[in-house]
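Written out below as structure tokens is the structure these notes cover.
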Amino acid sequence: AFNSTNTLTLTVTPVVPNLMHRYSFTETSGSTSADLVAGNSPTWDAALVGGVTLGGGQAALDGSSGYVQLPAGILTGLNEVTIETWATFGSPINTLANLFAFGNADASGNGENYITMQPHTGGGTAQINFGQGDPGNAGERDAVLNTTLDGQTSMQVVAVYHPLAGYEAFYTNGVLAASISMFNNLIDPVASAGPTFNNASILAYTLGADPGNYIGVSLYSTDPTLNASIDEFRIYGSALTASQIMADHALGPNQLLGTSTSAS
């Protein structure tokens, strides 16, 4: 037998959420809302369209003409993404309205190549969606909660799209509500017929130039707008962990996790 003693030093580096964009709607009036991440405003400010009322740190969407438009390309090149928001929803929510939609629409008004969130679907569910092709709903991968979010107040809603790890996940108030496996570069039926990936994930490949990005309106022209008040809307260029999402819920919409959260 051989006996030896070795010393090993481990350095643990905490995973810091990569907060890229943050909208808190703290303005009291105006047609834009600032991106609060340092250095982002005014380039990445959001446009307030139609029936949107600002007040109390919230953007109230009237469910008729009001929505928030985010700049084109806001998700371009991201290999994974987390969308986090706090919202108070109408009762009932307009069926098929979108809490958020990132992607594109074709000339016929159909959504294509997108990620979206619907708090009240036609089937009486709430779900996050990953749609490929034209129209995107022909090839969606959806994480589905078997109830709607009607009447929920100050609810944290988080959507994580992490194709490199093979999943998309949907959280409400810090708790996993639904998840589903997500295509990766090798098995995706749409992307496998396209050009080389250049080491990008299927998310970056699918969204491409990402021309249409919205809070409260769909990429499908026949869908209604959302009746809800948005308290906080964040975009992370990383997949938040379950513990980070739970910690964010405990902190609430007006605080950030840790002291070093910033854009990278």
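Residues Y67 and W44 fall into different hydrophobic clusters, defined by Ile, Leu, Val, Met, Phe, Trp and Tyr side chains chained together at heavy-atom separations under 4.5 Å. Under the 4.5 Å side-chain heavy-atom criterion for Ile, Leu, Val, Met, Phe, Trp and Tyr, I83 and I93 are members of the same hydrophobic cluster. Under the 4.5 Å side-chain heavy-atom criterion for ILVMFWY residues, a single connected hydrophobic cluster contains both V37 and L256. Under the 4.5 Å side-chain contact rule for hydrophobic residues, L54 and Y214 do not share a cluster. Both I74 and I115 are assigned to one and the same hydrophobic cluster, defined by single-linkage of ILVMFWY side chains at heavy-atom distances under 4.5 Å.
Judged by distance alone, the side chain of T121 and the main-chain N or O of T125 form a donor-acceptor pair under 3.5 Å. Formation of a donor-acceptor pair under 3.5 Å by the E80 side chain with backbone atoms of A239 is found in this model. Between the T116 side chain and the A101 main chain, no donor and acceptor come within less than 3.5 Å of each other. Listed for the D231 side chain is no donor-acceptor partner under 3.5 Å among the backbone atoms of W86. Between the side chain of R141 and the main chain of Y167, no donor-acceptor pair closer than 3.5 Å is present. When atom types are taken as modelled, the side chain of N98 and the backbone of G216 share no donor-acceptor pair closer than 3.5 angstrom. The main-chain N or O of A97 is never found under 3.5 Å from a side-chain atom of S218 such that the two would form a donor-acceptor pair. A distance-only check finds no donor-acceptor pair linking the side chain of N104 to the backbone of P211 [under 3.5 Å]. When atom types are taken as modelled, the side chain of D210 and the backbone of L75 share a donor-acceptor pair closer than 3.5 angstrom. Side chain of T225 to backbone of S64: a donor-acceptor contact under 3.5 angstrom is found.
A side-chain contact (heavy atoms from CB on, under 4.5 Å) with I245 is found for exactly one of T172, V175, V160, L257, namely V160.
To the nearest 0.5 Å, atoms CD1 (I235) and CD (E84) are separated by 11.5 Å. From R234, atom CZ reaches atom CE of M20 across 15.5 Å, with rounding to the nearest 0.5 Å. For the atom pair L240 CG and M246 CE, the distance stands at 13.0 Å (nearest 0.5 Å). Here the CG-NE2 distance, from L99 to H120, works out to 14.5 Å after rounding to the nearest 0.5 Å. Atom CG of L70 is separated from atom NE2 of H21 by 8.5 Å, given to the nearest 0.5 angstrom. Here OH of Y171 is found 15.0 Å from CE of M155. Values are rounded to the nearest 0.5 Å.
Scanning both residues, A126 and F170, for their nearest heavy atoms gives O-CE2, 3.6 Å. Smallest separation of non-hydrogen atoms from G51 and S65: N-OG, 3.0 Å. N173 approaches S154 most closely through the heavy-atom pair OD1-O, 4.2 Å. Considering all non-hydrogen atoms of both residues, T95 and P224 come closest at O-CG, 3.1 Å. When every heavy atom of Q156 is checked against every heavy atom of H249, the shortest pair comes out as OE1-CB, 3.2 Å. L48 and G30 make their closest contact through CD1-O, 3.7 Å (heavy atoms, listed as atom of the first residue, atom of the second, distance).
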Pair Y161-E168, side-chain contact (heavy atoms from CB on, under 4.5 Å): steps then yes or no: CA-CA 4 Å; Y161 299 88; E168 55 186 281; 3.7 Å; yes

Intermediate values then yes/no, side-chain contact (heavy atoms from CB on, under 4.5 Å), I202 and F130: CA-CA 11 Å; I202 189 60; F130 175 70; 4.2 Å; yes

Full working for side-chain contact (heavy atoms from CB on, under 4.5 Å) between N110 and D134: CA-CA 7 Å; N110 293 314; D134 182 13; 4.1 Å; yes

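Ring-plane geometry between Y220 and Y114 is classed as perpendicular, the angle between the planes exceeding 60 degrees on a 0 to 90 degree scale with a lower cut at 30. A tilted orientation is assigned to the rings of Y23 and F233, their planes being inclined by 30° to 60°.
At a threshold of 4.5 Å between non-hydrogen side-chain atoms, the residues D248 and E232 do not count as touching.
Between the side chains of S24 and T26, no donor-acceptor pair is found at a separation under 3.5 Å. One side chain, N129 or Q127, offers a donor N or O that lies under 3.5 Å from an acceptor on the other.
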